[in-house]
Amino acid sequence: MDIEIIEMAERRGKFILKNSSPAMANALRRTMLSDIPKMAIDKVEFHLGPIMVDDKEYESVTPLFDEIIAHRLGMVPVPTDYELFTYQDKCVCGGEGCPSCTIMYSLNKIGPCTVYSGDMIPLGNAELKVKDEFIPIVELTDGQAVLIYATAVMGTVKKHVKWQAAFGVGYKYLPIITIDANKANDSDVLRVIKLCPRHVFEEKGGKIVVKNSTDCSLCMSCVAPSNGAITINSDDKNFFFTFETDGSLTAKQLLDKATEILSSEASELLSQVEAL
Amino acid sequence: MIIPVRCFTCGKVVGSAYPEYVKRVGMGEDPKKVLDDLGFERYCCRRMIVSHADLIGEIAPLG
């Protein structure tokens, strides 16, 4: 099993999984979706009662219920560093909460304003500031204020979607497009260039050629109009993967972690089978 | 009410793009082009932004 990287940006990746099988491709997809641990805000404490700022009294009232604000804070992607953090129940502190398993954020704003995710200030390490700074959390009018302490912990999506690091993870069989060389300059076949919804073909020297075969969605809409000159097959040993991350991990970190988890789970299964 | 933080279907963060989308469309840009620019490829995320009715400003004074 090999991986050929096509594109690896900070938050999105494309790669070809080579010499593999449909079962392995799906195992990798499911691992990326559901087994990657990340940090997300899990506990939110609201200050209730009047908030005094510069001798003016503000009410701790917002247009949204506290539960909804807590949920919105939970969905905000929090930077995750596997070197710094571990699961709370496996931490040296025994689950009490310490700087190596939790991140504390404070959010203190007075109205009128829009509260953004970037207003959350990490207590301690300033590098843990949220990267997506302009996610609206709530709007406040004059006389309203929020004073919130939020705690982020490590988790996986099996408990809640806020711990989902990857999304839009998908793969397809790698398309194999063959063009009959004797018919490549027929006018009927050249018409297919415009018919293809993914613009896979182009004209070169009066003949139809494949421009980018990985764009093909195997829709087969080129096969019938070309009267057999074009055939599309799918390769069930090579897979074209695309995925995105929410910004808590980079695309490369996520793929590395997914392969690491998959191989450790496979070796664990092997050791259990051998013990039988 | 207020723009959801993430796409209901796939989980992509859409909240941070909404203020920019509103600003750019208000200045006369084509909504299709703005959504493409902001990196929304799937129609699940695009509908989150296009179909949103931002009413929090009307609710806020009643809090």
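What's counted below: heavy atoms across the whole structure, side chains too, no hydrogens, waters or symmetry copies. Sequence lines set the chain letters: A, B, ... in the order given, protein chains first and strands last, and positions in each chain run from 1.
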Neighbour count >12 (heavy atoms, 6.0 Å) for atom [atom1], [X]:
X	atom1	result
A:Met52	CE	yes
A:Tyr171	OH	yes
A:Tyr87	OH	yes
B:Lys23	NZ	no
A:Lys172	NZ	yes
A:Gln253	CD	yes
A:Glu127	CD	no

What's the separation between atom [atom1] in [X] and atom [atom2] in [Y], rounded to the nearest 0.5 Å?
X	Y	atom1	atom2	result
A:Leu140	B:Ile56	CG	CD1	9.0 Å
A:Phe167	B:Cys45	CZ	SG	7.0 Å
A:Asp246	B:Cys7	CG	SG	13.0 Å
A:Arg12	B:Lys12	CZ	NZ	5.5 Å

For the residue pair [X] and [Y], establish whether any side-chain heavy-atom pair is separated by less than 4.5 Å.
X	Y	answer
B:Met1	A:Leu64	yes
A:Ser117	B:Ser16	no
A:Arg72	B:Ile2	yes

Might you point out which heavy atoms bring A:Tyr116 and B:Pro19 nearest each other, and give the distance in Å? CE2-CG, 4.4 Å
Can you list every pair that meets salt bridge (Lys or Arg N to Asp or Glu O under 4.0 Å) and has a residue in residues 147-164 of chain A, with sequence neighbours left out?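 Residue pairs passing salt bridge (Lys or Arg N to Asp or Glu O under 4.0 Å), neighbours aside: A:Asp35-A:Lys158, A:Asp42-A:Lys162.
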Turns out that what part of B:Glu41 lies under 4.5 Å from chain A's heavy atoms comes down to side chain
Would you mind telling me which of A:Gln164, A:Arg11, A:Glu244, A:His71 has the largest number of heavy-atom pairs within less than 4.5 Å of chain B? A:Glu244
Quick check on the interface: out of A:Thr141, A:Ile135, A:Ile137, who has the most heavy-atom pairs with chain B under 4.5 Å?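 When all of A:Thr141, A:Ile135, A:Ile137 are compared, A:Ile135 has the most.
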Is a side-chain N or O of A:Gln144 found less than 3.5 angstrom from the main chain of B:Ala60, in a donor-acceptor match?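 Yes; at least one donor-acceptor contact below 3.5 Å.
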Checking the side chain of B:Arg42 only, and the main-chain atoms of A:Gly168 only, is there a donor and an acceptor separated by less than 3.5 Å? no
